[in-house]
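In what follows, chains carry the letters A, B, and so on, assigned in the order in which the sequence lines appear, proteins first and then strands, with residues in each chain numbered from 1.
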Amino acid sequence: MLKVENLHSGYGRIQALHGIDLEVGQGEIVTLIGANGAGKTTLLMTICGNPRATQGRVLLDGTDITRLPTHKIARLGLAHSPEGRRIFPRMSVLENLQMGAVVADPRHFSDDLDRVLTLFPRLQERLNQRGGTLSGGEQQMLAIGRALMSRPALLLLDEPSLGLAPLVVRHIFDLIAKINAEQKVTVFLVEQNAFHALKLAHRGYVMVNGRIALAGSGAELLANPEIRSHYLEGGVQA
Amino acid sequence: MKAPPIAAALREGLAGALVAAGLALPMLGFRLVDSAQGLSLGTRFDWVLWAALIVGLGRFAMTILRGAWQPSQAPAMGEAKAARLRLMAGWALAGLAITLPFLPFSDRNLVDKATLVLIYVMLGWGLNIVVGLAGLLDLGFVAFYAVGAYSYALLATGLGWSFWLCLPLAGLFAAGFGVALGFPVLRLRGDYLAIVTLGFGEIIRVILQNWQDFTGGPSGISSIPRPTLFGLRFMASAPDGHQTFADYFGLAFSGDHRVIFLYFIILGLALLTNLFTLRIRRLPIGRAWEALREDEIACRSLGLNPTTIKLSAFALGAMFAGFAGSFFATRQGFISPESFSFIESAVILAIVVLGGMGSQIGVVLAALILVGLPEWFRELQQYRMIAFGGAMVLIMLWKPSGLLSSRAPTIRLKGAK
Ligand SMILES: Nc1ncnc2c1ncn2[C@@H]1O[C@H](COP(=O)(O)OP(=O)(O)O)[C@@H](O)[C@H]1O
Ligand SMILES: [Mg+2]
């Protein structure tokens with residue numbers, strides 16, 4: 001579904017990605033873990049065309065999207081929930097969801113809304129509340145819900161656990177599994193919270209300093225002693 | 001923090017008085033006296049004392065009242081109730097505006113002043129699209145106002161086209177300029193955008209001032225034709241082949257008719273701007289402006305193209321300024337670059353900001369305060385700036401985020417709370 005080949009990218013002179021290769025298959029949950037500053041966000045952003053790749057390719061269903069502008073990529077069935085949630089704080093929950101549906105067929109709107117609200121009943125209760133007044137967990141639900149409003153085939157999530165309490169994190173991760181299983185959405189999940197992410201994912205990649213250091217199934221990576229010592233022990237294991 | 005309120009208030013008051021005295025000493029304390037012996041320096045230290053006393057007492061009273069009089073941030077009432085109240089206030093204001101010329105106390109002078117206020121209301125609503133909704137800080141808005149005014153003036157005096165034909169054209173030209181400005185500045189944000197738009201506003205004014213052959217230069221354009229009502233003229237006697245408004249309706253000629261007619265034109269234009277904005281806020285493009293103001297990165301990742309969204313905001317805001325400009329030209333009958341200086345942009349921006357960024361009624365209130373009040377106090381010319389300054393201070397104290405800053409959602413689900 002998504003294929004990244006030898007991707008290089010960065011900000012001006014600073015190079016952040018040094019040749020990334022990875023693949024996300026149809027129906028999978030694939031996670032990318034790595035320490036702060038490893039380049040995970042940069043990879044997601046580069047897949048979405050901002051910043052531009054300096055070398056390498058991004059293929060979506062076999063089509064080269066490396067040179068497309070961001071707003072066109074979003075129309076190809078790929079939804080990106082960026083780091084830090086980035087909901088629209090002064091707009092209501094419903095308006096936020098509406099913004100997620102701008103690329104979708106307006107006739108689907110009420111169906112899609114129902115689907116998202118069934119998934120996140122919390123949002124249903126707060127439809128007319130401003131996005132900025134939601135709790136962190138609710139904002140994250142809104143960010144994911146908003147991304148789902150465009151009926152994506154592939155969902156890119158950038159650190160959905162950021163700044164959330166362990167119990168909330170667990171809830172969000174359950175929902176991600178549900179989105180994947182019930183709605184047949186392929187998920188590419190970027191996380192620092194390695195334990196939860198690896199438990200959830202079918203496969204995982206580990207990024208170190210802009211390179212892929214390890215790859216394997218979720219269970220394999222969880223059992224890997226190196227990963228245990230770097231990302232799990234002393235880390236969040238709740 | 002824990003100081004007893006009276007002592008704290010006294011300290012605040014004293015500090016305020018000292019600052020006021022420090023400022024007032026050079027500004028109020030000395031003055032040039034022009035006498036037979038030439039210029040000499042006079043003093044009036046009593047004024048300094050008064051200024052310090054007033055500020056000190058004001059600051060003292062304010063600190064005491066702080067508990068009861070917090071600067072309000074969140075709307076005290078529920079959002080739905082606030083929205084209903086705003087809607088009612090809107091209708092009441094519109095009703096008042098429509099009946100204004102016929103109210104017993106109204107006279108030509110009042111209607112004329114109301115016309116001026118409405119021009120600024122319309123400009124404020126236009127700029128509100130750019131600044132309030134799309135969040136693009138534009139300090140050169142007056143440029144589009146000027147383009148509209150000169151478009152009408154040149155087309156009407158040069159080609160003899162009528163106001164009603166030129167009005168949409170002026171709007172189109174101004175929108176064209178909006179796009180022309182929009183393109184180069186799309187990548188800029190915040191302060192940088194503000195500086196470039198400021199420059200653009202000045203460039204337009206300098207061009208108008210120096211392109212002698214085309215724009216008449218500093219002396220401007222005069223005898224700009226007045227608008228007609230379906231061909232009816234508002235004058236004492238019509239030229240051959242034309243009829244006057246008074247004749248047609250069998251009224252005695254009165255200069256008031258034209259003033260009232262102009263008032264209704266600007267009222268109609270302003271209401272059009274308002275309805276347009278209210279409507280477009282509910283459409284995808286309007287919602288996209290607001291989303292863009294909130295978060296550009298999120299907008300991109302949702303599939304919105306920031307370029308077209310920003311350009312459309314610039315173009316539409318400019319279009320309304322163009323309408324207002326051509327109305328200004330036809331009302332004055334004379335325009336020159338002087339009417340389009342930076343201070344106009346500043347006043348319009350102040351109206352939008354004080355009105356509470358994005359609030360339609362807030363713009364009306366702010367225009368009344370910033371344009372209507374000084375006009376009203378013109379009779380008491382010397383207190384005009386005091387009224388202006390006092391209003392600003394009160395607004396800053398009372399409503400630091402604008403007169404009406406809460407924003408009503410543009411969509412609700414039936415049955416949802
Ligand atoms: N806007 C930016 N400009 C310059 N450098 C950046 C920018 N964003 C990230 N970086 C740098 O790129 C590297 C990767 O960052 P990022 O992709 O955010 O890491 P992660 O998401 O894994 O924490 C870091 O060294 C970071 O300092
Ligand atoms: Mg990151």
Original post:
Where is the tightest heavy-atom contact between A74(A) and R300(B), given as atom of each residue plus distance?
Top reply: CB-O, 4.1 Å

Original post:
Which answer fits P82(A), side chain, backbone, both or neither, if we ask what part of it has an atom under 4.5 Å from a heavy atom of chain B?
Top reply: side chain

Original post:
Relative to chain B, which of R146(A), H80(A), M149(A), K72(A) shows the most heavy atom pairs under 4.5 Å?
Top reply: R146(A)

Original post:
Is chain B contacted by the side chain of M45(A), its backbone, both, or neither, given a heavy-atom distance below 4.5 Å?
Top reply: side chain

**OP:** Compare every heavy atom of F88(A) with every heavy atom of A291(B), then report the nearest pair and how far apart it is.
**Re:** O-CE2, 3.4 Å

Original post:
M99(A) versus E290(B): any side-chain heavy-atom pair under 4.5 Å?
Top reply: no

Original post:
Counting only heavy atoms not in R279(B), do more than 12 sit closer than 6.0 Å to its CZ atom?
Top reply: no

Original post:
What is the distance from atom SG of C48(A) to atom CD1 of I297(B), rounded to the nearest 0.5 Å?
Top reply: 11.0 Å

Subject >> T70(A) versus chain B, the contacting section by heavy-atom distance below 4.5 Å >> reply: both

Original post:
What residue in I73(A), L78(A), V102(A) has the most heavy-atom pairs under 4.5 Å with chain B?
Top reply: V102(A)

Original post:
Side chain of E294(B), backbone of I87(A): donor and acceptor closer than 3.5 Å?
Top reply: no

Subject >> Whether over 12 other heavy atoms sit under 6.0 Å from D64(A) CG >> reply: yes

Original post:
Judged by atom type as modelled, is there a donor-acceptor pair below 3.5 Å linking the side chain of R86(A) to the main-chain atoms of D295(B)?
Top reply: no

**OP:** Would you mind checking which part of N96(A) comes under 4.5 Å of any heavy atom in chain B, side chain (CB onward), backbone (N, CA, C, O), both or neither?
**Re:** neither

